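Notes follow the structure.
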Amino acid sequence: MKKIYPYVNMTRANADGSYSVFLIVKGAKGRFFVNTGLSTCDKLVERSFPKSDPNWKRKTTLLGKYLADAEAVCINADIADLTDAELKQKIQAEVFGVEQKQPTSVLSNIILQFAETKKDATKSIYALTARKVAEFDRNASLEADTDWLDRFRTHLMDGGMGINGVAKDLRNIRAVFNWARRKGMTQNYPFFDFKIVNEETVPNNISAEDLRKLHDYPCESWQKPYVDFFFLSFFLAGINPVDLLSLRKENYKDGHITFVRQKTNKEGAHTIRTVTLPVLPEAKEIIDRYPSEEGWLLGFMDCRNDYRSFARGCNDALCKVGPTKKVKDKVGKLRKMEYNPICPDITLYSARYSFGSIAANDLDISERTIGMCLGHSWSKNVTCRYMAHDQSKVDAVVKRVVEYVVGGANL
């Protein structure tokens, strides 16, 4: 059930000095504002207009009616699959008589509509695809064919994009077509005879030897938290940065961290995996070093709304860990810092690649067991569904890899 309540926007006055009254509709997908067309000279008293307002009784009666009608719209079971934008349009039409605009068939607009069904991080990715589509063909529609997809791919590649970057935009468009077909917006599907080409990604692995150098190097104080975060990821079997920064204190219990790993596969299907990883003494030491006051497992997310800024800072710092010297800058003064990094191409995701590569190549651990550590699904046949997950194998592998890299063990 959506929560609906009135709101007076006191930050912006109308031409006559009054303030507009909105309905805030709040629910699982977020919140949005619907203008009631009413205004007031002061704050509301609960759901009543102040008596200093002209016609305050009539306004109060109207506001009550709008609230009741909006709640009636939201009780309707048919809204379960509506986006916030679609529900707003429905309330505007049924409660306030605002004529709904017919959905446009322009592809870039359809992509933006689809983006509204996603979380903020994914929403921005689809918005970027929509912008590229609009720049290439502002009139492209849901009737686009295979030839249009070929020309769009060529346009992106001629603009300097790599094969995998182009493939990502094409997969986004494919997801939008699948959604539009389910919605009954089109029967066209140009991807039946269109192949999305990918280039195999070269893993950004770091050798065990270089990891030892990085771990033991006396880095600068500003780099230390980022190096610690990288190795915590490695000690937790290469856990993805977004998953690690999303962990709460309640995820850590009885010497293990348990979390839900969410990932979208190449076919666009959203899979959810529950992963449990052992917290070795090396990992616990780092966790204890960065306590959170806001309930996170790590204090890095305190006062942050998004993990991206931390991730960018982390990648930048990791690429500068190593010997440094001052050199002359453009004006000839000895004040520019020159870095000689231990791992020049390192990123946060190197922890994941390196964990898997070291386990496979240095320690000869099976692909199946490494997959369990990394949280990968394993469903090549029906038999695997009946095979129990052996947590002790995961614990043992994580221990072996960590001891091999930083524990001084010669395994």
Side-chain angles (χ1 to χ4, degrees), residues 2 27-30 32 73-74 76-94 98-159 161 163-199 262-272 377 379:
K2 300 282 185 182
K29 296 180 182 178
F32 56 87
V73 171
C74 291
N76 190 329
D78 292 339
I79 72 164
D81 295 327
L82 295 183
T83 66
D84 285 348
E86 290 170 335
L87 179 57
K88 180 176 179 177
Q89 278 193 340
K90 191 174 182 65
I91 292 174
Q92 287 175 324
E94 296 187 16
V98 177
E99 182 180 354
Q100 295 189 55
K101 296 179 180 178
Q102 293 300 316
T104 175
S105 62
V106 174
L107 182 56
S108 58
N109 291 338
I110 299 294
I111 297 172
L112 291 176
Q113 287 182 41
F114 179 69
E116 289 298 319
T117 68
K118 301 296 181 181
K119 295 181 179 179
D120 288 343
T122 308
K123 187 184 299 184
S124 62
I125 294 172
Y126 278 95
L128 182 59
T129 299
R131 191 178 74 187
K132 293 174 186 176
V133 168
E135 289 173 353
F136 170 64
D137 183 359
R138 189 173 298 278
N139 297 317
S141 71
L142 287 173
E143 298 308 310
D145 55 16
T146 303
D147 176 66
W148 185 92
L149 293 173
D150 275 324
R151 289 187 289 109
F152 179 65
R153 175 162 55 193
T154 301
H155 164 76
L156 294 181
M157 295 189 71
D158 288 346
M161 283 188 66
I163 293 175
N164 289 345
V166 173
K168 187 174 184 178
D169 282 316
L170 289 170
R171 286 196 300 272
N172 289 347
I173 295 173
R174 182 175 64 187
V176 169
F177 267 92
N178 285 326
W179 174 76
R181 292 177 76 206
R182 290 195 302 270
K183 287 276 191 176
M185 300 167 71
T186 184
Q187 293 300 316
N188 180 45
Y189 191 68
F191 289 91
F192 280 127
D193 301 315
F194 183 83
K195 183 175 178 58
I196 298 177
V197 180
N198 290 278
E199 187 175 49
Q262 299 191 36
K263 184 174 177 61
T264 304
N265 65 25
K266 291 181 180 179
E267 286 71 39
H270 197 60
T271 58
I272 298 177
S377 61
S379 55

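All values reported here derive from a predicted model rather than from experimental measurement.
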If you define the side chain from C-beta out and look only at heavy atoms, does anything of Val106 sit under 4.5 Å from Asn139? no
With sequence neighbours excluded, tell me which residues meet side chain to side chain contact (heavy atoms under 4.5 Å, CB included) with Lys88. Phe32, Val34, Gln92
Which atom pair, heavy atoms only, marks the closest approach of Ala167 to Ile196? CB-CG2, 3.7 Å
Qualifying residues under side chain to side chain contact (heavy atoms under 4.5 Å, CB included), relative to Ala115, sequence neighbours excluded: Lys123, Tyr126
What's the separation between atom CG in Asn178 and atom CZ in Arg181, rounded to the nearest 0.5 Å? 7.0 Å
Would you call Arg171 and Lys168 a side-chain contact if the rule is heavy atoms closer than 4.5 Å? yes
Enter the distance from Leu142:CG to Ile173:CD1 here, rounded to the nearest 0.5 Å. 11.0 Å
Applying side chain to side chain donor-acceptor pair (under 3.5 Å) to Arg151 and not counting sequence neighbours gives Asp147
Non-hydrogen side-chain atoms of Thr117 and Phe114 separated by less than 4.5 Å: yes
Less than 4.5 Å apart, any side-chain heavy atom of Thr146 and any of Phe191? no
Taking only residues two or more places apart in sequence or in another chain, which ones pass side chain to side chain contact (heavy atoms under 4.5 Å, CB included) with Met161? Lys132, Leu156, Val166, Asp169
What pairs with Arg138 under side chain to side chain contact (heavy atoms under 4.5 Å, CB included), at least two apart in sequence or on another chain? none
Using a 4.5 Å cut-off on heavy atoms from C-beta on, say whether the side chain of Ile163 contacts that of Met157. yes
Tell me whether the rings of Phe136 and His155 are parallel (<30°), tilted (30 to 60°) or perpendicular (>60°). tilted
Donor-acceptor pair, side chain of Asn198 and main chain of Asn164, under 3.5 angstrom: no
Apply side chain to side chain donor-acceptor pair (under 3.5 Å) to Asp150 and list each qualifying residue two or more places apart in sequence or on a separate chain. Arg153
Return the set of residues passing side chain to side chain donor-acceptor pair (under 3.5 Å) with Asp137 (not counting sequence neighbours), or none when no residue passes. Trp148
Enter the distance from Asn172:CG to Thr129:OG1 here, rounded to the nearest 0.5 Å. 4.0 Å
If you take all heavy atoms of Ile110 and Val176, which pair is closest and at what distance? CG2-CG1, 3.6 Å
Going by salt bridge (Lys or Arg N to Asp or Glu O under 4.0 Å), name the residues that satisfy it together with Glu143, two or more places apart in sequence or in a different chain. none
Non-hydrogen atoms of Phe177 and Leu107 that approach each other most closely: CE1-CD1, 4.1 Å
Are the side chains of Gln113 and Trp179 in contact, using a 4.5 Å heavy-atom criterion? yes
For side chain to side chain contact (heavy atoms under 4.5 Å, CB included), just list the numbers for Arg174 and Phe194, CA-CA rounded to whole Å, side-chain angles, deciding distance to a tenth of an Å, and then say yes or no. CA-CA 10 Å; Arg174 182 175 64 187; Phe194 183 83; over 6 Å; no
Report yes if some heavy atom in the side chain of Asn188 is under 4.5 Å from a heavy atom in the side chain of Ser141; otherwise report no. no
